[in-house]
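Worksheet for the structure shown next.
This is a predicted model, so every value here is computed, not measured. Numbered from 1 within each chain, the chains take letters A, B, ... in sequence-line order.
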Amino acid sequence: MKKGDHLFLVDGSGYIFRAYHALPPLTRKSDGLPVGAVSGFCNMLWKLMLDARNTDVGIVPTHFAVIFDYSSKTFRNDLYPEYKANRSAPPEDLIPQFGLIRQATRAFNLPCVEIEGYEADDLIATYARLACEAGGDTTIISSDKDLMQLVGATVGMYDPMKDRQISIPEVIEKWGVPPEKMVDLQALTGDSVDNVPGVPGIGPKTAAQLLEQFGDLDTLLARAGEIKQDKRRESIIANADKARISRQLVTLKKDVPVAEGLEDFVLHAPDGPKLIGFLKTMEFTSLTRRVAEATGTEAGDVQAVAVTVERADSAHGPDLGAGTSSAAETRPDRAGENGMADEAPTAEKPKAGDTPSLLAALRLEAATARKIDTSAYIAIRDAATLKAWIAEAKEAGIVAFNAETTSSDPMQAELIGFALATASGRAAYVPLTHKSGSGDLLGGGALENQVPVREALALLKPLLEDRSVLKIAQELKSSLVVMSRHGIDVAPFDDTMLISYVLDAGTSGGHSLAALSEKWLGHATTPLKELAGSGKSFVGFEQVDIDKATAYAAGHADVALRLWLVLKPRLAAKGLVSVYERLERPLVPVLARMEQRGISVDRQILSRLSGELAQGAARLEEEIYQLVGERINIGSPKQLGDILFGRMGLPGGSKTKTGQWSTSAQLLEDLAAEGHELPRKIVDWRQLTKLKSTYTDALPGFIHPDTRRVHTSYALAATTTGRLSSSDPNLQNIPVRTAEGRKIRTAFIADKGNRLVSADYSQIELRVLAHVAEIPQLRQAFADGADIHAITASEMFNVPVEGMPSEIRRRAKAINFGIIYGISAFGLANQLSIPREEAGNYIKKYFERFPGIRDYIEETKAYAREHGFVETIFGRRIHYPEIRSSNPSVRAFNERASINARLQGTAADIIRRAMVRMDEALEKAKLSARMLLQVHDELIFETIEAEVEATIPVVRHVMENAAMPAVSMSVPLHVDARAANNWDEAH
DNA sequence: ACAGAAGCTTA
DNA sequence: GTAAGCTTCTGTT
């Protein structure tokens, strides 16, 4: 075991009891053998081995062991004969399951560890210590408080039944003391289940308070006389010995002489046939199917195996033989679909224990081996067939879903049909409102033999909402909005676009279905325009011939399902499960709700502004024509350039990369500063026409006819860094810098009786920089709430913050921003309009004062060069495949981008975490505030007036603590929040 | 009808 | 110097 390795230790004995009581009783159908705990155990192991969904930073186990108690008698009974003496015999129907669970462990190819005289907890403590000494990390799969004393920097716990991570903050939250004091706390409280005496009258709250006061148990016992409360003092003095012996009992032994070392726990790929043999014997049909699919084993070819069952009346009962009834394979398999079986790892044992990677490789091979046949799909034309398909999807536990609609805007879209896929190559399309394609003005009548929309949706709803059926889609969010408008809440789901985004952000090609299909399946999807035409000749999808629509829509569902098979295991293989599960997937319904809510925009304000802008622009136009002498097209940079630098011969002209005269605002401003009249007017004209065309004229067109609100669309997978993007309309670039522009924000309003609340992170990227680059001065400045740019200037130029000239601060601010953007002397010189040498000197000086930032930059570049990607502090990967380019400017660009990506991406991750938690936090606080918009470091809410004051602290708390508990930042996050009637005043 | 360039808006 | 999206113009298809 080495640094970076991760050991999973399952508390097998603890799990048995917990699963037995928590899960509904389950018996084997053929003979009534109780197997509830075994089933829970197998499901948990399978999930852990493949999925690593328990972790917050994407951990895949490299080492894995299941630990059991050997017998009830241990060294603790010598210390204290009454230890665990009050334990009653386990329930009758649990007894046979002890042995079965050990056999299950072996069927999973996992080490099964137990040592006479020691409890499972002692073995876990010992192995966690060994792992820590070897530099590795450990996750203990248990929620037993007795194990919490082991939690620390490299040791975490995970409760598989509650899907909850337990690390230091959770221990403190639950018990009021850090893990290292758990032993003292338990010594005081005792444990009635294990018959650990403790001090009578002392419970967890009192114990935590006493330990807080005295520091530890020994100090407490020595100074017990100081305790004020009479009863408490007397009890502790009288029971000091009991407390001491209790501490010995609860302290786990970290030096058990273990026979097996960590090297014996290297995780091996599951042996498909071996595992399936056991699962079939247990008659766990759905897990059998999942394992068969994942390992590429043909379950039908595997025989159930013999298992040993202990009966309550004999500890080592006879071999009762196997339940040999093999699970019926009800899934509709099609000919030629079994390509995976050939590649199954049965012939030779895989070497290293990288199970997810192996699975990913197998899936990819299988996916490309089976060609996609779009003529094989089925058109569902009646309710009975649809019912059968839905039943099939339920049985499969997994279904790819794809809706076809009348519009790419989900708030306007009406359903035309939908497609389902239940297995590779098995897909169907359900046309609902297709019309005959006859070219008359009415577009033809509705076609015969389509399931009525209402009936189809009524059948579909239970499937899409079924918690035990995983829905798979490519870009689910828009379908989520459409289905939500029909009262259907799709869950649970996986989104292939997002999986691809997590795996491959920054690699070429994008994450569209077409791109992914081409990349992973070698299959070219049919462009929509080949079916429905484009531009003027575009006909709605409802006019598309049903056979063609079926090939298209069912094909998309089939492709999505196959992509999921290929891509999902890659998440685990690359340690990106938690990025996907915590930062991507949960944001989908959050954004869908935000989009559906929309924001009110005052049409009148915009229309008035349009008029004002038109007037101003018209006046400037006339003045410009006067100066130029003819009515040129001012909006044409080409014409402008010819006039300014050709005809008028103004100085300082430069060319763009296509050889045109540049007429950029910067250049025109420079000319204006020299006293030229025309450039100033052109700049002003551009500002007014920009505001008019992009905002005041365009926004009213986005007001929804029914909701009377504007519904933007957020893209989750459009940026390389993890930021969202907004379009149709883009509400992330509404003007704010100039007074003229800000007027547009006054049109974004709260409904009557409501207020808009705007909450934005202050300097989040600089704070992330101070944290990741570990810059003491910056950390201190943020901790003090100081003016960060002034502090920077003060450090660099040796001037006091008090009475600092604004120009000095401005330069420091530009440098700070420059760092975030991956500074270059060229860029800084441009920004500050100073010579390049001077900018270079500033940077040099900056690095002298903040050497940690230079180190950070160099480390980032080196890391990006070595790996081809960088990571945010939450593990999001951003790829820079061109970072090793031999072209120096391409290389430099990629270096700057990678430096920026860590900071921008981390900030993006933080606000994503806040957004994921926000709705629940508001609901828990019984607040009705609705999150409407996100603008990278700002969230906009709408809430009723009376709740404004209560809402702001909740919003602030969620945002400021968003990094926790995954990352405890060394710099505080600060959120400014304000409420007003419109966005301008709230911001 | 579409694609790319130029220009401008945001964080 | 980073990350986006939208509009207009211009040239090509």
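A/Ala814 comes within contact range of at least one nucleobase, with a heavy-atom separation under 4.0 Å. At the heavy-atom level, A/Gly635 lies under 4.0 Å from the strands shown only through sugar-phosphate atoms. A/Arg686 comes within 4.0 angstrom of the backbone, heavy atoms only, and of no base. Across all strands, A/Ser824 comes closer than 4.0 Å to base atoms (heavy-atom distances). Residue contacts for A/Asp728: at a heavy-atom cut-off of 4.0 Å it reaches the sugar-phosphate backbone alone, with no base atom in range. Nucleic acid contact for A/Ala715: none, since no nucleic acid atom lies under 4.0 Å from a heavy atom of the residue. In this structure, A/Ile823 reaches the bases: a heavy-atom distance under 4.0 Å links it to at least one base atom across the strands shown. A/Thr720 comes within contact range of the sugar-phosphate backbone alone, with a heavy-atom separation under 4.0 Å but no base atom that close. As judged by a 4.0 angstrom heavy-atom cut-off over every strand, A/Gln687 is placed among residues touching the sugar-phosphate backbone only. Looking at heavy-atom distances under 4.0 Å, A/Ile734 makes contact with sugar-phosphate atoms alone, never a base.
Side-chain proximity of A/Ser693 to the nucleotides C/dG1, C/dT7, C/dA3 is greatest for C/dT7. When distances are taken from the side chain of A/Val736 to each of C/dG1, B/dA11, C/dT8, the shortest belongs to B/dA11. With distances taken from any side-chain atom of A/Thr694 to the nucleotides C/dT7, B/dT10, C/dT2, the minimum falls on C/dT7. The side chain of A/Ser636 approaches C/dC9 more closely than any other nucleotide in the set B/dG7, C/dG1, C/dC9. The A/Ser727 side chain lies nearest to C/dG5 when the options are C/dG5, C/dC9, B/dT9. The A/Arg737 side chain lies nearest to B/dT10 when the options are C/dT2, B/dT10, C/dT10. The A/Thr658 side chain lies nearest to B/dA5 when the options are B/dA11, B/dA5, C/dG1. Closest to the A/Asn730 side chain, of the nucleotides B/dA11, C/dT7, C/dG5, is C/dG5. Counting only heavy atoms from C-beta on, A/Ala665 has its side chain closest to B/dC8 among B/dG7, B/dC8, C/dA3. Checking B/dG7, B/dA11, C/dT2 against the side-chain heavy atoms of A/Asp937 singles out B/dA11 as nearest.
A/Tyr714 places its OH atom 13 Å from the P atom of C/dG5, with the value rounded to the nearest Å. For A/Leu933 and C/dA4, the CG to P distance is 20 Å, given to the nearest whole Å. Remark: P of B/dC8 and CD of A/Glu740 are 16 Å apart, rounded to the nearest angstrom. Residue A/Ile744 contributes atom CD1, which lies 13 Å from atom P of C/dT7 at whole-angstrom precision. Atom CD1 of A/Ile682 is separated from atom P of B/dC8 by 11 Å (rounded to the nearest Å). Atom CG of A/Leu699 is separated from atom P of B/dT9 by 15 Å (rounded to the nearest Å). Spacing between atom CD1 of A/Ile634 and atom P of C/dT8 amounts to 14 Å, rounded to whole angstrom units. Remark: P of C/dT8 and CD1 of A/Ile632 are 17 Å apart, rounded to the nearest angstrom.
Between the side chains of A/Arg686 and A/Thr663, at least one donor-acceptor pair of N or O atoms lies under 3.5 Å. With no hydrogens or angles considered, no side-chain donor-acceptor pair links A/Glu838 and A/Asn841 at under 3.5 Å.
A/Ser762 has its side chain out of reach of A/Val975: every pair of non-hydrogen atoms, C-beta onward, lies at least 4.5 Å apart.
Cation-pi geometry between A/Lys655 and A/Trp661 is met: the NZ or CZ atom falls under 6.0 Å from the ring centre, inside 45° of the normal.
Evaluation of atom-type donor-acceptor distances gives a pair under 3.5 Å for the side chain of A/Gln904 against the base of C/dT2.
When A/Glu895, A/Arg865, A/Arg902 are each tested for a side chain to side chain donor-acceptor pair (under 3.5 Å) with A/Thr860, only one passes: A/Arg902.
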Derivation and outcome, salt bridge (charged side-chain N to carboxylate O under 4.0 Å, His left out), residues A/Asp787 and A/Arg809: CA-CA 10 Å; A/Asp787 178 339; A/Arg809 184 180 178 280; 2.9 Å; yes
Pair A/Ile624, A/Leu678 - check side-chain contact (heavy atoms from CB on, under 4.5 Å), show working. CA-CA 7 Å; A/Ile624 289 167; A/Leu678 183 56; 3.8 Å; yes
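Taking side-chain N and O atoms only, A/Arg723 has no distance below 4.0 Å to OP1 or OP2 of C/dA3. Close to B/dG7, at under 4.0 Å from its OP1 or OP2, lies a side-chain N or O of A/Thr663.
Contacts with DNA chain B (heavy atom under 4.0 Å) in residues 837-863 of chain A: none are found.
Taking the six-membered ring for Trp, A/Tyr846 and A/Tyr842 have ring centres at least 6.0 Å apart. Centroid-to-centroid, the aromatic rings of A/Tyr863 and A/Tyr856 stay 6.0 Å apart or farther.
Nearest heavy-atom pair across A/Arg647 and A/Val628 is NH1-O, 3.5 Å.
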